[in-house]
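Each remark here refers to the structure printed beneath this line.
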Amino acid sequence: MISSGKDAIYSSPLAQVSDFRFDENVAEVFPDMIQRSVPGYSTIVDAIGQMAGKYMQAGAQLYDLGCSLGAVSLAASRYIQAPGCQIIGVDNSQAMIERCQRHIQAFKSDVPIQLVCDDLQNIRITNAAMVVMNFTLQFIAPPQRLDILQGIYQGLNPGGILVLSEKIRHPSEAGNELLIELHHEFKRRNGYSELEISQKRTALENVMLTDSFSQHEQRLKQAGFSDVLLWFKCFNFASLVAIK
Ligand SMILES: C[S@@+](CC[C@H](N)C(=O)[O-])C[C@H]1O[C@@H](n2cnc3c(N)ncnc32)[C@H](O)[C@@H]1O
Ligand SMILES: O=C(O)C(=O)C[C@]1(C(=O)O)C=C[C@@H](O)C=C1
């Protein structure tokens, strides 16, 4: 593993909080940031690996869209047993892809992992037994989300799955506020200050637009998926499996 630091990006008062970007500063502290920000992150990544062990068929591809530092790709590579598989990790952040390459080299995966630095919307999915978007779709402009899911559906082999993890919004205001408060308390317990929590919330406001569970379910069905299941939820973080 290459060295990575502690997330202190929002720890000092900023004159103006700019929109959140997956740049060099974020890439450098990303393992710490995501672990302390997303309840159940390690559980989710490991379970996605287990699903790769079950669903990957001989000669098929797994796409990890918005792969960041490759946590999902590496977890999948530890569980895949089927011969001749390939993992394709895609991210449009150069800083993430460069670090991801170093992580993967350090790990020496048995399954080949190919990295592509591009907008995931330019990637044609083919011969896929599994596609993963682990906290990535939330960063795509809402009008483009259905198109992306349709492309994934078309590129999946019969019986293939999409794992979609997202921060979600509860439809009622009171219910949503409760989930947000529980999430903020999770962050406090992981050492984030009120200033860090509020400045990051501002930074994410325009770039991370969340949908409700039923919006996700409806869109996945509209894209063609025959079954959609919620397999993980903690506060306002959820992970779904959509089966072709
Ligand atoms: C929250 S992180 C994903 C975490 C990662 N999947 C994991 O499990 O550790 C979101 C990632 O999606 C990438 N991303 C956002 N929009 C993208 C796009 N249009 N195309 C490709 N990657 C994108 C970001 O650069 C970032 O690395
Ligand atoms: O920190 C938050 O409040 C988040 O919403 C978490 C979240 C995510 O869901 O992707 C946002 C940005 C960072 O990439 C890490 C985690």
Side-chain angles (χ1 to χ4, degrees), residues 4 7 9-10 17 19-49 52 62-76 87-100 103-104 115-123 125 131-145 147-148 151-152 163-169 179-188 190-192 196-211 232 234-239:
S4 66
D7 171 23
I9 291 178
Y10 296 104
V17 179
D19 281 350
F20 188 85
R21 286 176 49 230
F22 292 96
D23 59 13
E24 184 58 45
N25 292 336
V26 168
E28 213 265 313
V29 298
F30 192 69
D32 179 67
M33 171 186 275
I34 197 149
Q35 185 67 38
R36 288 161 70 215
S37 302
V38 176
Y41 174 73
S42 303
T43 305
I44 294 169
V45 170
D46 184 66
I48 292 174
L62 183 155
Y63 289 83
D64 179 7
L65 303 178
C67 62
S68 297
L69 302 182
V72 164
S73 294
L74 286 167
I87 297 172
I88 300 158
V90 180
D91 206 292
N92 64 352
S93 158
Q94 184 79 37
M96 286 291 191
I97 287 288
E98 277 169 15
R99 282 190 162 253
C100 186
H103 274 251
I104 282 164
L115 296 180
V116 182
C117 187
D118 200 352
D119 191 312
L120 64 90
Q121 292 174 91
N122 297 330
I123 304 298
I125 310 288
V131 177
V132 181
M133 293 185 93
N134 203 34
F135 303 106
T136 302
L137 191 66
Q138 60 197 16
F139 293 104
I140 307 272
Q144 290 158 26
R145 293 179 185 177
D147 258 18
I148 291 168
I152 292 171
V163 181
L164 178 65
S165 309
E166 291 272 292
K167 189 174 189 181
I168 56 168
R169 185 170 37 76
L179 297 180
I180 290 171
E181 185 40 45
L182 288 165
H183 177 227
H184 286 178
E185 181 56 22
F186 170 85
K187 286 187 156 190
R188 277 180 213 113
N190 284 331
Y192 283 121
E196 286 177 294
I197 293 170
S198 91
Q199 291 194 135
K200 186 162 183 212
R201 191 180 187 179
T202 305
L204 286 168
E205 221 154 47
N206 300 320
V207 289
M208 192 178 79
L209 302 172
T210 53
D211 293 318
F232 176 92
C234 181
F235 311 145
N236 40 2
F237 289 80
S239 189

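From a predicted model like this one, the values you see are computed outputs, not experimental measurements. Indexing begins at 1, ligand by ligand and atom by atom, following the structure's order.
- Checking Val132, Ile152, Val72, Leu164 one by one against Leu65, the side-chain contact (heavy atoms from CB on, under 4.5 Å) holds for a single residue, Ile152.
- When each atom of ligand 1 is checked for a heavy atom of Asp119 under 4.0 Å away, the hits are 18 (C), 19 (N), 20 (N).
- If you look at Tyr41 and Phe135, their ring centroids are not closer than 6.0 Å.
- A distance of 8.0 Å separates CD1 in Ile97 from CD1 in Ile104, rounded to the nearest 0.5 Å.
- The structure places CE of Met33 at 11.0 Å from CD of Glu28, a figure rounded to the nearest 0.5 Å.
- The closest side-chain donor-acceptor pair between Ser42 and Gln35 falls under 3.5 angstrom.
- Considering only non-hydrogen protein atoms, atom 4 (C) of ligand 1 sits nearest to Ser68 OG, 3.3 Å.
- The contact set between ligand 1 and Val72, taken as ligand atoms under 4.0 Å from a residue heavy atom, comprises 8 (O).
- The residue among Ala75, Gly66, Ser73 with a heavy atom at the shortest distance from atom 5 (C) of ligand 1 is Gly66.
- With a 4.5 Å cut-off on side-chain heavy atoms, Leu120 and Ile140 count as touching.
- Distance check, rounded to the nearest 0.5 Å: CG of Asp19 to CG of Leu204 gives 9.0 Å.
- The Ile140 neighbourhood of ligand 1 comprises atoms 19 (N), with distances under 4.0 Å to a heavy atom of that residue.
- Atom CG in Asn190 sits 10.0 Å away from atom CD in Glu185 (nearest 0.5 Å).
- Separating the CG atom in Asn92 from the CG atom in Asn122 is a distance of 9.5 Å, to the nearest 0.5 Å.
- Counting the atoms of ligand 2 from 1 in the order shown, those under 4.0 Å from a heavy atom of Ser37 are 1 (O).
- Residue contact check: Asp118 has heavy atoms under 4.0 Å from atoms 20 (N), 21 (C) of ligand 1.
- Here the heavy atom of the protein found nearest to atom 25 (O) of ligand 1 is Asp91 OD1, 2.6 Å.
- Residue contact check: Met208 has heavy atoms under 4.0 Å from atoms 5 (O) of ligand 2.
- Counting heavy atoms only, Phe22 comes closest to atom 14 (O) of ligand 2 of the residues Phe135, Phe22, Phe237.
- Of all the atoms in ligand 2, the ones that sit under 4.0 Å from a non-hydrogen atom of Leu204 are 2 (C), 3 (O), 4 (C), 5 (O), 11 (C).
- Val163 places none of its side-chain heavy atoms less than 4.5 Å from the side chain of Asn134.
- The N/O atoms of Leu120, backbone and side chain alike, include one that comes under 3.5 Å of an N/O atom in ligand 1.
- Aromatic ring orientation, Phe20 versus Phe22: perpendicular (interplanar angle above 60°, classes split at 30° and 60°).
- Closest to atom 18 (C) of ligand 1 among all protein heavy atoms lies Asn92 ND2, 3.3 Å.
- Considering backbone and side-chain atoms together, Gln121 places no N or O closer than 3.5 Å to any N or O of ligand 1.
- Distance check, rounded to the nearest 0.5 Å: CD1 of Ile48 to OG of Ser165 gives 4.5 Å.
- Residue Asn134 has at least one nitrogen or oxygen atom sitting less than 3.5 Å from a nitrogen or oxygen atom of ligand 1, judged on distance alone.
- Within ligand 1, counting atoms from 1 as listed, the ones closer than 4.0 Å to a heavy atom of Ser93 are 25 (O).
- Judged by the shortest distance from any of its heavy atoms, His183 lies inside the 4.0 Å radius around the atoms of ligand 2.
- With a heavy-atom cut-off of 4.0 Å, Val26 does not touch ligand 2 at all.
- Residue contacts with ligand 2 do not include Glu166, since none of its heavy atoms lies under 4.0 Å from the ligand.
- When hydrogens are left out, the protein atom nearest atom 2 (C) of ligand 2 is Lys187 NZ, 3.2 Å; that is the closest non-hydrogen contact.
- Side-chain contact check for Leu69 versus Pro31: some heavy-atom pair is nearer than 4.5 Å.
- The closest heavy-atom contact to atom 9 (O) of ligand 2, among the options Met33, Gln138, Lys167, comes from Gln138.
- No side-chain heavy atom of Arg21 sits less than 4.5 Å from a side-chain heavy atom of Val26.
- Closest protein heavy atom to atom 13 (C) of ligand 2: Lys200 NZ, 3.6 Å.
- Considering backbone and side-chain atoms alike, Asp64 places every N or O at 3.5 Å or more from each N or O of ligand 1.
- With contacts defined as side-chain heavy-atom distances shorter than 4.5 Å, the pair Arg145/Asp211 qualifies.
- Of the options Phe135, Phe20, Tyr41, the smallest heavy-atom separation from atom 9 (O) of ligand 1 is shown by Tyr41.
- In this structure, the protein non-hydrogen atom closest to atom 16 (C) of ligand 2 is Val38 CG2, 3.8 Å.
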